[in-house]
Colleague: 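Below you'll find the structure I mean.
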Amino acid sequence: MELGLPLFPGIKFPTPRNTVLARSSPNNLPQFSSNASSSTSISVKPPTKTVPGKPEADVVVIGSGIGGLCCAGLLARYNQDVLVLESHDLPGGAAHSFEIKGYKFDSGPSLFSGFQSRGPQANPLAQVLDALGESIPCAKYDSWMVYIPEAEFLSRIGPTEFLKDLEKYASQNAVQEWKKLLEAILPLSAAAMALPPLSIRGDLGVISTAAARYAPSLLKSFVEMGPQGAFGAPKLLRPFTEIMDSLELRDPFIRNWVDLLAFLLAGVKSNGILSAEMVYMFAEWYKPGCTLEYPLNGSGAIIEALVRGIQKFGGRISLGSHVEKIIVENGKATGVKLKGGQFIRAKMAVVSNASMWDTLNLLPKDQLPKSYVDRVKTTPQCESFMHLHLGFDAEDVREDLGIHHLVVNEWERGVDADQNVVLISVPSVLSPNLAPPGKHVLHAYTPGTEPFELWEGLDRRSAEYKKLKAERSEVMWKAVERALGSGFNRDKCEVKLVGTPLTHQRFLRRNRGTYGPAIQAGQGTFPGHSTPIPQLYCCGDSTFPGIGVPAVAASGAIVANSLVSVSQHSQLLDAIGI
């Protein structure tokens, strides 16, 4: 669970403002180099002060996060003229990479799986990449280091390895309850994954592209589940705790561990996450033969692949193009106004990949129903983040260092308590080219638990801000020192960067630096993708299915599918074999 975009002031990025990754012919595609030394290896046209070519498109997408890029990529694949407008100097939103002194940092997601999956049950992002004819080379692994109050151990995914950890560090009762949980929910994964994410659209056409098309596979999955599984299928749309309670799972270790997995996946504990999300995750992590995957060249490789796909099919991306307003004429969204005053017309639709709160701020208030405004303003928010990015000498740390480390200080406080959980990623362990020879690159963070209120109103140049920054980052430093071993010395780091909620608010353009909506399953639902303004749609973590890389990729795909005919949609599903 991580965020992205330039997190630190003063960092220089090579792609200039108002640069456009423009429409290109098959013989003039953007070039990417897996060994490029810049933070982006996109070959772009010379910078311009305005969007080149026609200041219009069939669809204008605001923001180049994974959701926005997936939406734009599929629209380009559908032969729509699509233009992505990105305020920052690099595309990628929550998943771009940046470079300092030869260290290439992930500022966003670093825990991935399912990139290599194909077919109807593939990860939504993998399905989009497949539709665009793109792939991402990955390193595979199956473990992460865990530092919890009970013990420190290497936790492996898969159906049996975690049972050994439970037997050694928890109890025999925990072993039995974990087996009981897997036996109950893994059969449900057939139902949870029976409809390919790419088949969903936001209109009645879904009857053709999803319900009718996949009725046989749905029926087969219910038959394979048996009576118990079939009767349990309706619980997929309920909080995951209801499944756990129905199984009478009471072991404290199991309850804490599941809370942790849910929180890392969606920013809420098991009483607030949809069972379908958890079942999907269990299917990817605890079935035979499963692995985790890390993109070689970092999370920026995901963005490069999506950008290649967009341009391959004629789409455009304009960087340094800050959208100031969504223009509404005669009750419909007809385009956007950029900060410099330029109007970009959208002939078919405007799609916002910004958060619901930031999208609201782009709209004319007199055009919006009070119910819509009230719903956005009253939607609870996840907290923000603290980040620590480090570059250091590999000789100073343990030789058996793994890529991922998870530190939980106290179960009693809850995994959603501030300063209690720290995640650490050292991707250069699997992708050495992310750091200079003999060096490591590291990203540590508190996962959506840092209260914005502590930082609100502080001057980033003040001594008070710097003091708070040092105090609130100490928990990450201690976690890093625990993970890297006694040979690590923080004073010897060649790169040291600390990000705060104010950094998120400023550089991510996220309202209050939030991770996203804190919508509890059973108490509320993520909004759909249409809005009260005709021709205005939304995708990303403020819309269904919610927070996380697979979810935002699916949201972008749903919007793209909804903007084309059922015939075009079905032809795409045929073309990629799902």
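Each residue takes its place number in the sequence, starting with 1.
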Colleague: Would a 4.5 Å heavy-atom cut-off, applied to side chains only, mark Asn420 and Val415 as touching?
Modeller: no
Colleague: Out of the candidates Val422, Asn256, Val146, Ile148, only one should pair with Val408 under the side-chain contact (heavy atoms from CB on, under 4.5 Å) rule; please name it.
Modeller: Ile148
Colleague: Using a distance-only test with no angle check, is there a side-chain donor-acceptor pair under 3.5 angstrom linking Ser355 and Asp358?
Modeller: yes
Colleague: Within the structure provided, determine whether Ile424 and Met476 are in side-chain contact (heavy-atom separation under 4.5 Å).
Modeller: no
Colleague: Can you tell me if Asn271 and Thr241 form a side-chain donor-acceptor pair at under 3.5 Å?
Modeller: no
Colleague: Run the numbers on Lys492 and Glu395 for salt bridge (Lys or Arg N to Asp or Glu O under 4.0 Å), then give the verdict.
Modeller: CA-CA 12 Å; Lys492 293 183 179 180; Glu395 289 186 0; over 6 Å; no
Colleague: Report the residue from Val495, Leu497, Leu442 that forms a side-chain contact (heavy atoms from CB on, under 4.5 Å) with Leu390.
Modeller: Leu442
Colleague: Just by modelled atom types, is the Thr514 backbone N or O under 3.5 Å from a matching donor or acceptor in the Gln381 side chain?
Modeller: no
Colleague: Salt bridge between Lys164 and Glu161, side-chain N to carboxylate O under 4.0 Å?
Modeller: yes
Colleague: With rounding to the nearest 0.5 angstrom, report the CG to OH distance, Leu388 to Tyr445.
Modeller: 13.0 Å
Colleague: If you apply the rule side-chain hydrogen bond (donor to acceptor under 3.5 Å, both in side chains), what do you find for Asp259 with Ser270, and how did you get there?
Modeller: CA-CA 5 Å; Asp259 267 350; Ser270 57; 2.5 Å; yes
Colleague: Could you pull out the closest heavy-atom pair between Tyr515 and Gly548, with the gap in Å?
Modeller: OH-N, 4.4 Å
Colleague: Kindly state whether the ring of Phe282 and the ring of Trp178 have centres lying under 6.0 angstrom apart.
Modeller: yes
Colleague: Could you give the distance from OG (Ser321) to NE2 (His88), rounded to the nearest 0.5 Å?
Modeller: 12.0 Å
Colleague: Check Arg156 with Asp165, please: is the shortest side-chain N to carboxylate O separation under 4.0 Å?
Modeller: no
Colleague: Strictly by modelled atom types, are Thr500 and Tyr465 linked by a side-chain donor-acceptor pair under 3.5 Å?
Modeller: yes
Colleague: State whether the side chain of Ser431 and the backbone N or O of Pro427 hold a donor-acceptor pair below 3.5 Å, judged by distance alone.
Modeller: no
Colleague: His504 and ring-ring contact (aromatic ring centres under 6.0 Å, His included): which single residue from Phe385, Phe452, Trp455 fits?
Modeller: Phe385
Colleague: Whether Lys439 and Glu494 form a salt bridge (side-chain N of Lys/Arg under 4.0 Å from carboxylate O of Asp/Glu) is what I want to check.
Modeller: yes
Colleague: Tell me yes or no: between the side chains of His389 and Tyr103, is some donor less than 3.5 Å from an acceptor?
Modeller: no
